[in-house]
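Worksheet for the structure shown next.
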Amino acid sequence: MSVETNPQAVRRDKLAALEERGIDPYPARWRVDDHAASLLEAFRDDAEPITARVAGRVVSIRSHGKTAFLHVADATGRIQVYLRRDELGEKTFALLDCLDLGDFVGVAGQLFRTRTGEVTIRATEIVVLAKSLRPLPLGKVVEGEGEARAYHQVADQEFRYRQRYADLAVHSESREVFADRARIVRFLRNFLDQRGFLEVETPVLQPVYGGAAARPFTTHHNALDSTLYLRIADELYLKRCIVGGLERVYEIAKDFRNEGIDRFHNPEFTMLELYQAYADYLDFMELAEEMLVGLVEELHGGTQLTFQGGTVDVSRPWPRLPFLDALADAGVDVSDLSRAALAGEAARLGIDIAPEEGAGRILDGLFSRLVEPGLEGPVFVIDHPAVLSPLAKAHPRDPRLVERFEAYLFGSEWANAFSELNDPREQRKRFEAQVLQAAEGDEEAPNVVDEDFLRALEYGMPPTAGIGIGIDRLTMFLTDQASIRDVILFPTLRPEEGS
RNA sequence: GGGCCCCUAACUCAACGGUAGAGUAUCGGCCUUUUAAGCCGAGAGUUGUGGGUUCGAAUCCCACGGGGCCCA
């Protein structure tokens, strides 16, 4: 017989050997009574017998001839299993010959402490629950005192993103990030539910897209024979809810933007938007502060937050930095906000401007280049120019500005809020200006006026504040992950060749 | 869109113009409390793909593919 070296073929051979012995390598069920973490917790001494019945993946095997030690990993952790031929019988012990790292097994037995002190299951029963035919890049994991040390772990980011199932199976840190993500979303739901907000669901497929400046994904509905867009924001539908008298609403859902991918952007991402009637942007600054402080306390037990080596204190209140003041401090002359004047300033500062960029885009570009990188700590940038904010209410003290804020952390925006524009006449003018921009080549501007939204505003929308929060980016900050791909289970990647 | 870097065994990495190696994993043997178990032995590679330079290329050059980082 030739020596088989292909790991997958070796495993198929072992699977066949199991079946020859009359063992089903994929049995239907195994009752799980215990988990690794709680067993390790429960064990006191050998005098008090504790029976254990667990299931999980085999992550290490140390065979000693007539005995063997395994580690079995379940969702809660790892526990060692001790097998003895004289206790299990020759036939069951021979299962070891067909066992590979990565196989799922069920184990029953009694807890004891080994000579070296590790709490271990002395197996009276072991069964294969699912044979693994493909080797996982397990590396070696050693649970020392407190910290688990890992050796030869997969370092290839692409592998981790493309085969997240294997990444999760192998890296507990990766599983923890997604557990934390769930905690964050749960916290936000509780936070809003306690304040009387109603969770709603609005269309992903929209005949007219709006609520943000972005290029959409376009699709087609066959039966209606009409073009539909995947939403770039929930905003305009949530405001329709406010018109309808749902005074406090929120939605946590995917938005889609047909744009570039980098470590802060994924084409589909999760957004929390919430709207509250009779509130304004000042109220929402307090809400944003409470929300983030609460989250940092929930995850880190204090107000210190560390991200990629930088640490900030998120204690309230946060400074409020007027948008134009920030630009002026950075050396930009903001006395004239006309396109011509701003283009002149950009040229003077050596920043390239494309001919189709309007005054808003130029301001945005100046801000993101000159101001954003310096906004480490929690800070509100407030009172943006109206040209940047087609859905926000004009500032009572300066008609060039709107009542708006963006919350920044670690040089990156994580929340955007304003007192919502509710004058249907003014909203129509701003929509029409956007359509004009689109005609001039701005691909991020909507190309039609959303007449249905205007109809809703004409029925009357009370004064309202709204805020949008990027959940992915927030999760990056709260879990100290460098890339948005580290907090999205299955991030968008170029399709694999041959798939 | 621009720049820089990476791609070698299943995994982590060496070799940096002259016979592709190590540890882990895998396979065989020994081993009844091991834990990066140990000891003995074995197999494992079209060096991302395609071209070029050279007596000779994993190594130098070009293109393409995939990925990462920085900038726009």
Side-chain angles (χ1 to χ4, degrees), chain A residues 1-14 17 46 58-73 78-88 90 93 96-102 111-123 132-145 147-163 166-167 169-171 259-265 308 346 350-354 357 361 364-366 368-370 372-373 411 482-486 491-499:
Chain A
M1 190 173 108
S2 69
V3 180
E4 184 56 73
T5 57
N6 179 330
Q8 290 182 52
V10 167
R11 285 167 183 241
R12 282 176 202 283
D13 288 348
K14 290 181 179 176
D46 296 274
V58 176
V59 293
S60 71
I61 302 175
R62 289 176 298 284
S63 169
H64 291 257
K66 298 187 183 67
T67 68
F69 290 91
L70 317 177
H71 272 101
V72 172
R78 307 145 54 88
I79 190 161
Q80 185 168 247
V81 174
Y82 181 44
L83 307 177
R84 294 172 62 100
R85 193 168 72 170
D86 57 2
E87 290 176 2
L88 284 166
E90 208 147 319
F93 191 77
L96 214 53
D97 301 336
C98 298
L99 222 47
D100 285 301
L101 298 184
L111 291 189
F112 76 110
R113 194 182 290 277
T114 64
R115 191 178 288 162
T116 52
E118 180 163 354
V119 176
T120 300
I121 302 174
R122 192 178 191 111
S132 164
L133 294 180
R134 191 180 281 269
L136 282 166
L138 271 166
K140 287 242 175 203
V141 177
V142 185
E143 309 239 316
E145 304 93 57
E147 288 292 288
R149 287 173 296 157
Y151 303 85
H152 307 300
Q153 295 274 78
V154 176
D156 181 7
Q157 292 293 353
E158 182 181 2
F159 174 87
R160 298 187 51 214
Y161 299 147
R162 281 200 195 280
Q163 300 190 40
D167 172 46
V170 163
H171 297 129
E259 293 174 346
I261 298 174
D262 62 33
R263 77 191 183 94
F264 284 105
H265 297 91
Q308 303 295 295
I351 291 168
D352 290 340
I353 299 298
E357 285 188 70
R361 296 284 298 281
D364 197 35
L366 288 170
S368 60
R369 253 156 281 189
L370 301 173
E372 270 189 19
S483 169
I484 197 167
R485 289 176 162 177
D486 298 322
T492 306
L493 299 173
R494 203 176 291 274
E496 258 182 298
E497 208 149 314
S499 66

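These numbers come from the heavy atoms of this one structure, side chains and all, not from hydrogens, waters or symmetry mates. None of the values given here were measured: they were computed from a predicted structure. Chain letters run A, B, ... following the sequence lines, proteins first, then strands; residues in each count from 1.
- OP1 and OP2 of B:C71 both lie 4.0 Å or more from every side-chain N or O belonging to A:Arg369.
- Going from the P atom of B:G50 to that of B:U8 covers 15 Å, rounded to whole Å.
- Among the atoms of the strands shown, base atoms are found under 4.0 Å from some heavy atom of A:Ser63.
- For A:Thr114 against B:U34, a side-chain N or O and a base N or O form a donor-acceptor pair under 3.5 Å.
- Nearest heavy-atom pair, A:Val170 versus A:Pro137, reported as atom, atom and distance to 0.1 Å: CG1-O, 3.4 Å.
- In this structure A:Asp86 satisfies the salt bridge (Lys or Arg N to Asp or Glu O under 4.0 Å) test together with A:Arg84, sequence neighbours excluded.
- With rounding to whole Å, A:Gln8 atom CD is found 22 Å from B:G43 atom P.
- A distance of about 13 Å separates the P atoms of B:G21 and B:A58, rounded to the whole Å.
- The side chain of A:Phe112 sits closest to B:U33 out of B:U33, B:U34, B:C27.
- For A:Thr114, the side-chain contact (heavy atoms from CB on, under 4.5 Å) criterion is met by A:Phe69, A:Gln80, A:Phe112, A:Thr116, A:Glu118, A:Thr120, not counting sequence neighbours.
- Applying the 3.5 Å distance criterion, the base of B:U34 shares a donor-acceptor pair with the side chain of A:Gln80.
- A:Arg11 places its CZ atom 20 Å from the P atom of B:A44, with the value rounded to the nearest Å.
- In terms of polar N and O atoms assigned as donor or acceptor, the side chain of A:Arg62 comes within less than 3.5 Å of the base of B:U34 in a complementary pairing.
- For the pair A:Asp97 CG and B:G29 C1', the interatomic distance rounds to 13 Å; values are reported in whole Å.
- For the P atom pair drawn from B:U34 and B:G38, the interatomic distance equals 13 Å after rounding to whole Å.
- Between A:Asp262 atom CG and B:G2 atom C1' the separation is 15 Å, expressed in whole Å.
- B:A14 sits 30 Å from B:G29 when the C1' atoms are compared, rounded to a whole Å.
- For A:Arg494, no side-chain nitrogen or oxygen approaches OP1 or OP2 of B:G65 to under 4.0 Å.
- Every stem involving RNA chain B, taken as at least 3 paired positions in a row under the Watson-Crick or G-U wobble test at 3.5 Å, is listed here: B:1-7 with B:65-71, B:10-13 with B:21-24, B:26-30 with B:38-42, B:48-52 with B:60-64.
- Nearest to the side chain of A:Leu101, among B:A72, B:C31, B:A25, sits B:A25.
- No contact: A:Arg134 has no heavy atom under 4.0 Å from any strand.
- Nucleotides B:A44 and B:C4 are separated by 40 Å at their P atoms, to the nearest Å.
- A:Gln308 is linked by a side-chain hydrogen bond (donor to acceptor under 3.5 Å, both in side chains) to A:Asp480, counting only residues two or more places apart in sequence or in another chain.
- Atom P of B:C7 sits at a distance of 10 Å from the matching atom of B:C60, rounded to the whole Å.
- Relative to the side chain of A:Arg84, the nucleotides B:U33, B:U32, B:G66 differ in distance, and B:U32 lies closest.
- A distance of about 46 Å separates the C1' atoms of B:G66 and B:C30, rounded to the whole Å.
- Looking at the side chain of A:Lys66, the nearest of the listed nucleotides B:C31, B:A25, B:C69 is B:C31.
- The nucleotide whose nearest atom lies closest to any side-chain atom of A:Tyr82 is, among B:U33, B:C27, B:A72, B:U33.
- Here the nucleotide nearest the side chain of A:Ser483, chosen from B:U34, B:A72, B:C69, is B:C69.
- Taking atom CG on A:Leu493 and atom P on B:G67, their separation rounds to 6 Å, with Å as the unit.
- Residues forming a salt bridge (Lys or Arg N to Asp or Glu O under 4.0 Å) with A:Asp364 (at least two apart in sequence, or on another chain): none.
- Counting only heavy atoms from C-beta on, A:Phe69 has its side chain closest to B:U34 among B:G67, B:A72, B:U34.
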Enumerate all atom pairs, one protein N or O and one N or O from nucleotides 4-13 of chain B, separated by less than 3.5 Å.
from	atom 1	to	atom 2	distance (Å)
B:C11	O2'	A:His152	O	2.8
B:U12	OP1	A:Ala155	N	3.0

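- When all heavy atoms are compared, the tightest approach of A:Leu96 to A:Ser63 is CD2-OG, 4.3 Å.
- Considering only side-chain atoms of A:Lys14, the nucleotide from B:U34, B:U26, B:A72 that sits closest is B:U26.
- Atom-to-atom, CG of A:Leu88 to C1' of B:U32 comes out at 12 Å; the value is rounded to the nearest Å.
- When the P atom of B:C27 is taken as reference, atom CG of A:Leu99 falls 11 Å away, rounded to whole Å.
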